[in-house]
Amino acid sequence: MSDNMDKTADLVVTEGQTVELEITDMTDDGKGLGRLSGLAIFVAGAVPGDKVSARITRLKKRYAFAETITLLEASGARVQPPCPYYQDCGGCSMLELSYEEQLRIKRKNIITKLERIGALDEPTVREVVGAADTIRADGGQIGQTEETGQSEQIESADIADSEAFESMLRYRNKAEFAVAMTSADPLVGFNMRGSNKIVDCTDCLLQKRATMAAANAIRELLQDKLISVYDARHGKGFLRGFTIKVCEGTGEMMLIFTSASKQLPNAEKVIYTISDAIDAVSTEAEPYFLQSVVVEVNKAKDIREPATAYEVVAGSNTITDITDDGMKFEISAQAFYQVNTKQMSKLYAKVREYACLKGGETVFDLYCGIGTIGLSMAAEAGMIIGIESVKNAVIDANHNAVINGIVNARYYTGRAEQVMPRLLDKEDKLFIDYIDENAPKIAILDPPRAGCEEALLRAVTSCEVDKIVYVSCDPGTLARDIKLLGELGYEFVEATPVDMFVATMHVETVVLLSHKAPDSHINVKVEFGEGEGKVPFDKITERAEKYKPKERVTYKKINSVSKYILHI
């Protein structure tokens, strides 16, 4: 650290002040983290390894925000971001870091949260399964040693700013676009970093070329006034935003317009224009085509509120994907599906490895969605029991079981914390008498970013499952839930991150937890009496059973009818 930096540390920090910082870490939203006299400072435009001159923009009691003014010394992991929108768009916070550094930071972030929030001491977190890595059939990672899980030195480790890295991009099979209308032109793109303003984007490197062709066609339709942007203030116009889903295995695409009205203006012209744009960029390697057009009706002030209806205006109700291992999944407009299809196969392979099925287990797939995780395990399990609160997702899951010829899967609608205990209660009408009650029980948890409800964790542990495999997209809520599960008798074994979100701070993590065995046990000899008259406890039990009074049987006549009740 320079003399200037030492002097700066002794100063009182104020808003507007310029300070020099060494960046040592990265936050979840992609800001660099530096410290000054114990004060944490989150710096926009900085990455770990940088030395920067930064201006304090906002000051709190224990932390501050700043923006980079001058890059004094660049991190050795910096690369030139290939995206022209990188500085403004909030989508790719790690695009100016080598891929090796991206994976290092993600793994470190998981370990830090497991230690600080999860109260774990040196948790075993294996190397991140990257987009360039290959997964063996048993879930193991090629390029890792079996004993330690640490990556061997392989040529693809540092593939930043190369053709190999660019081949990892365009991985998203789902894109959500924001729209707006200015006095000059329409805007179609994504929210600006830290703002609700829209970056007009004609090409996003995370999206398929067919996806961007459809989005650019919609921009032209807005420009030509064949469709209009919704004006919330006056309640007029059609388009509030749109979503595009893509199936890599079949080429099928679904376009979902979000609108306050279910009526698509100029429907035929609009649909043909978008379809032609997709066809124009379709190739033998990427043979995409428009299979379904849906209007998602949402009249709420906040567009993030759930839609009230879905109206199919062209094509089919669903699109179908085929994964690398040959499984088919039908995907509806409202269905959740992992956004990185290739990495999804690696993720599910790791889940199967941790579950370690032998053939007779009952697997409870909680937050099951359309059934993708559980169905991928069905061939190795005795029975898959899926529970999901969204009714349409349960319908999709049952249908996906049928189209894959899977007969050992059942799905239930409801909150898992309420339904699961009932399924295992012999006195309840929901009791599942079709499973082997002596078979091992395994719970798969795949909650949304907010993590699991405490009631669900307590319900799962009360059912005494043998192990839990937790799939998380947020290390913070994962660590919180692991801490509670530890208190409820389940021990953290290890975790494996899977890089589902290249160039962003997001990461998926698979965790194995096992039911704790008692720390120890003791044998106690119990005797009754004193001296030579001592009698062991087992003899007392034996005598009590021998001389137990016989049950007395009587019959009582009811009214004058010849019906009798047996009384014991």
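These numbers were taken from a predicted model, which means no experiment stands behind them. The figures here come from the full heavy-atom set of this structure, side chains too, leaving out hydrogens, waters and symmetry mates.
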Problem - Check: F492 ring centre within less than 6.0 Å of Y490 ring centre - result: no
Under a 3.5 Å cutoff, is there a donor and acceptor pairing between the side chains of [X] and [Y]?
X    : Y    : result
T496 : Y354 : yes
T258 : E296 : yes
D474 : S472 : no
D499 : Y99  : yes
T341 : N173 : yes
Q343 : Y171 : no

Problem - Non-hydrogen side-chain atoms of V502 and T504 separated by less than 4.5 Å - result: no
Can you name the residues that form a side-chain contact (heavy atoms from CB on, under 4.5 Å) with [X], not counting sequence neighbours?
X    : result
C368 : D365, E388, Y411
N109 : D28, K113, P475, M505
E305 : A300, D302
K301 : none

Handout entry: Qualifying ring-ring contact (aromatic ring centres under 6.0 Å, His included) pairs with a residue from residues 189-220, counting only residues at least two apart or across chains
Key = F177-F190
Practice task
Assess whether side chain to side chain contact (heavy atoms under 4.5 Å, CB included) is satisfied between I319 and K245, documenting all intermediate values.
Solution key: CA-CA 9 Å; I319 51 176; K245 295 186 175 186; 3.9 Å; yes
Problem - Partners meeting side-chain hydrogen bond (donor to acceptor under 3.5 Å, both in side chains) with Y337 (sequence neighbours left out) - result: D321
